[in-house]
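For reference, the structure discussed in these notes is given below.
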Amino acid sequence: TPIGLEMLYADQGLLFPERSLASSLVPNRDLGVQVLGDVAGGRVSYSLGIFNGIVDGANSTTDLDTGNGKDVAGRIFIQPFKTATPPAPALTNLGFHLGASTGSQTGSLPSFRTSAGQTYFSYAGASADGNRVRVSPGVSYYYRQYGGFAEYARTTQDVGKAGITRPVTNDGWNVTGTWILTGEAATTGVIRPKVAFDPAAGHWGAVQIVARYSQLDIDQAVF
């Protein structure tokens with residue numbers, strides 16, 4: 001679903017084994033119909049679609065729609081300095097992302113889990129009961145052996161319990177960076193070492209340092 005920045009990175013291109021806490025607030029795989037493309041010489045990419053509407057941080061695993069609600073979701077990604085003419089300027093891979101969705105959903109609410117699959121937050125006796133709005137701005141930059149991205153995610157969902165419905169807003173953010181000590185180019189994809197890993201020949205492949213800070217805040221009204 002075209003909302004979260006890190007969620008749209010391929011698994012093999014992730015800097016860490018797991019995605020950040022901010023990605024817990026955007027959907028992953030969902031069923032729907034979508035149009036997408038590039039304009040302005042590839043400097044602007046867009047996606048817009050209608051989806052069944054799964055809960056935050058989840059995948060559509062049954063390929064079935066469990067309710068009548070639908071989500072409209074879209075994304076725009078702008079690289080204002082991108083050019084196909086060498087030499088590429090230092091700001092070629094500076095990009096600005098904005099994803100969002102809106103819809104009305106009833107039923108399940110998300111649970112948040114650690115990278116090891118342990119639940120650290122879930123709703124008790126409550127259910128989705130109305131409008132849900134997501135927004136996720138972000139920025140990314142890659143230049144030579146340096147790179148990284150930052151994003152913010154916010155979900156507001158009408159939640160009902162014991163006949164009372166009120167909006168609940170959860171938000172999160174992350175900053176993630178990398179530095180490749182052996183000089184390979186940083187990218188959102190797989191790093192290609194200059195030399196293969198071959199200790200017997202004195203070749204140690206690529207060495208990469210990564211760092212992250214992320215946070216997820218649950219609306220205090222929930223408690």
Side-chain angles (χ1 to χ4, degrees), residues 1-11 14 18-36 44-62 65-78 95-113 119-123 126-140 149-161 165-176 188 212-222:
T1 308
I3 302 177
L5 176 61
E6 186 186 28
M7 190 63 80
L8 294 172
Y9 289 166
D11 290 349
L14 294 177
E18 74 287 340
R19 289 176 169 85
S20 75
L21 292 173
S23 292
S24 299
L25 295 177
V26 298
N28 194 349
R29 179 182 180 273
D30 197 6
L31 294 185
V33 58
Q34 178 179 228
V35 295
L36 67 159
V44 178
S45 301
Y46 66 88
S47 304
L48 181 65
I50 300 176
F51 301 86
N52 285 339
I54 58 174
V55 299
D56 293 343
N59 290 287
S60 174
T61 56
T62 60
D65 192 6
T66 58
N68 293 326
K70 296 291 183 288
D71 279 2
V72 176
R75 174 188 189 243
I76 187 168
F77 184 70
I78 301 174
F96 301 94
H97 155 97
L98 178 62
S101 72
T102 183
S104 181
Q105 300 291 337
T106 58
S108 299
L109 289 167
S111 296
F112 301 132
R113 297 177 174 85
T119 300
Y120 63 87
F121 172 83
S122 62
Y123 291 85
S127 61
D129 189 26
N131 293 332
R132 179 175 62 204
V133 177
R134 299 182 177 107
V135 62
S136 180
V139 60
S140 61
F149 61 91
E151 69 176 320
Y152 171 79
R154 180 184 181 96
T155 297
T156 300
Q157 166 77 66
D158 286 343
V159 173
K161 182 177 182 180
T165 298
R166 62 157 296 161
V168 169
T169 298
N170 303 323
D171 63 351
W173 59 276
N174 90 86
V175 176
T176 305
T188 59
R212 160 184 288 159
Y213 188 92
S214 66
Q215 181 171 312
L216 190 151
D217 292 319
I218 306 299
D219 193 329
Q220 290 300 307
V222 171

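Every heavy atom of this structure was used, including side-chain atoms; hydrogens, water molecules and symmetry mates were not. All figures in this text were calculated on a predicted structure; none of them were measured in a lab.
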With a 4.5 Å cut-off on side-chain heavy atoms, are [Y] and [X] touching?
X	Y	result
Pro2	Phe77	no
Ile3	Leu8	no
Asp56	Arg134	yes
Asn174	Gln215	no
Glu18	Arg113	no
Tyr213	Ser20	no

How long is the span from the [atom1] atom in [X] to the [atom2] atom in [Y], to the nearest 0.5 Å?
X	Y	atom1	atom2	value
Leu48	Ile76	CG	CD1	11.0 Å
Ser140	Tyr9	OG	OH	4.5 Å
Thr169	Arg154	OG1	CZ	5.0 Å
Ser47	Leu36	OG	CG	4.5 Å
Thr106	Asp158	OG1	CG	11.5 Å
Asn28	Ile54	CG	CD1	6.5 Å

Run the side-chain contact (heavy atoms from CB on, under 4.5 Å) test on Thr1 and Val26 for me, step by step, so that the C-alpha distance in whole Å, both residues' side-chain angles and the decisive distance to 0.1 Å come before the verdict.
CA-CA 8 Å; Thr1 308; Val26 298; over 6 Å; no

Give a yes or no on whether Asn59 atom CG has more than 12 heavy-atom contacts from other residues, nucleotides or ligands under 6.0 Å away.
yes

Is Phe121 atom CZ crowded by more than 12 heavy atoms from other residues, nucleotides or ligands, each under 6.0 Å away?
yes

Without hydrogens or angle criteria, can the side chains of Thr176 and Glu6 be said to hold a donor-acceptor pair below 3.5 Å?
no

Test side-chain contact (heavy atoms from CB on, under 4.5 Å) applied to Arg132 and Val159, step by step
CA-CA 9 Å; Arg132 179 175 62 204; Val159 173; over 6 Å; no

Show your reasoning for whether salt bridge (charged side-chain N to carboxylate O under 4.0 Å, His left out) applies to Asp129 and Arg166.
CA-CA 9 Å; Asp129 189 26; Arg166 62 157 296 161; over 6 Å; no

Minimum heavy-atom separation for [X] and [Y], please, with both atom names.
X	Y	answer
Ser136	Glu151	OG-OE1, 3.5 Å
Val175	Ala150	CG2-CB, 4.0 Å
His97	Arg75	ND1-NE, 2.9 Å
Met7	Ser23	CE-O, 3.4 Å
Thr165	Gly160	OG1-CA, 3.8 Å
Asp71	Ser101	OD2-OG, 4.5 Å

Taking Gly130's backbone N and O only, do any of them form a donor-acceptor pair with Gln157's side chain (distance below 3.5 Å, no angle check)?
yes

Check: Asp219 main-chain N/O paired with Asn170 side-chain donor or acceptor under 3.5 Å
yes

Before you tell me yes or no, could you show the steps for Phe149 and Thr188 under side-chain contact (heavy atoms from CB on, under 4.5 Å), namely the whole-Å CA-CA distance, both residues' side-chain angles and the distance that decides it to 0.1 Å?
CA-CA 10 Å; Phe149 61 91; Thr188 59; over 6 Å; no

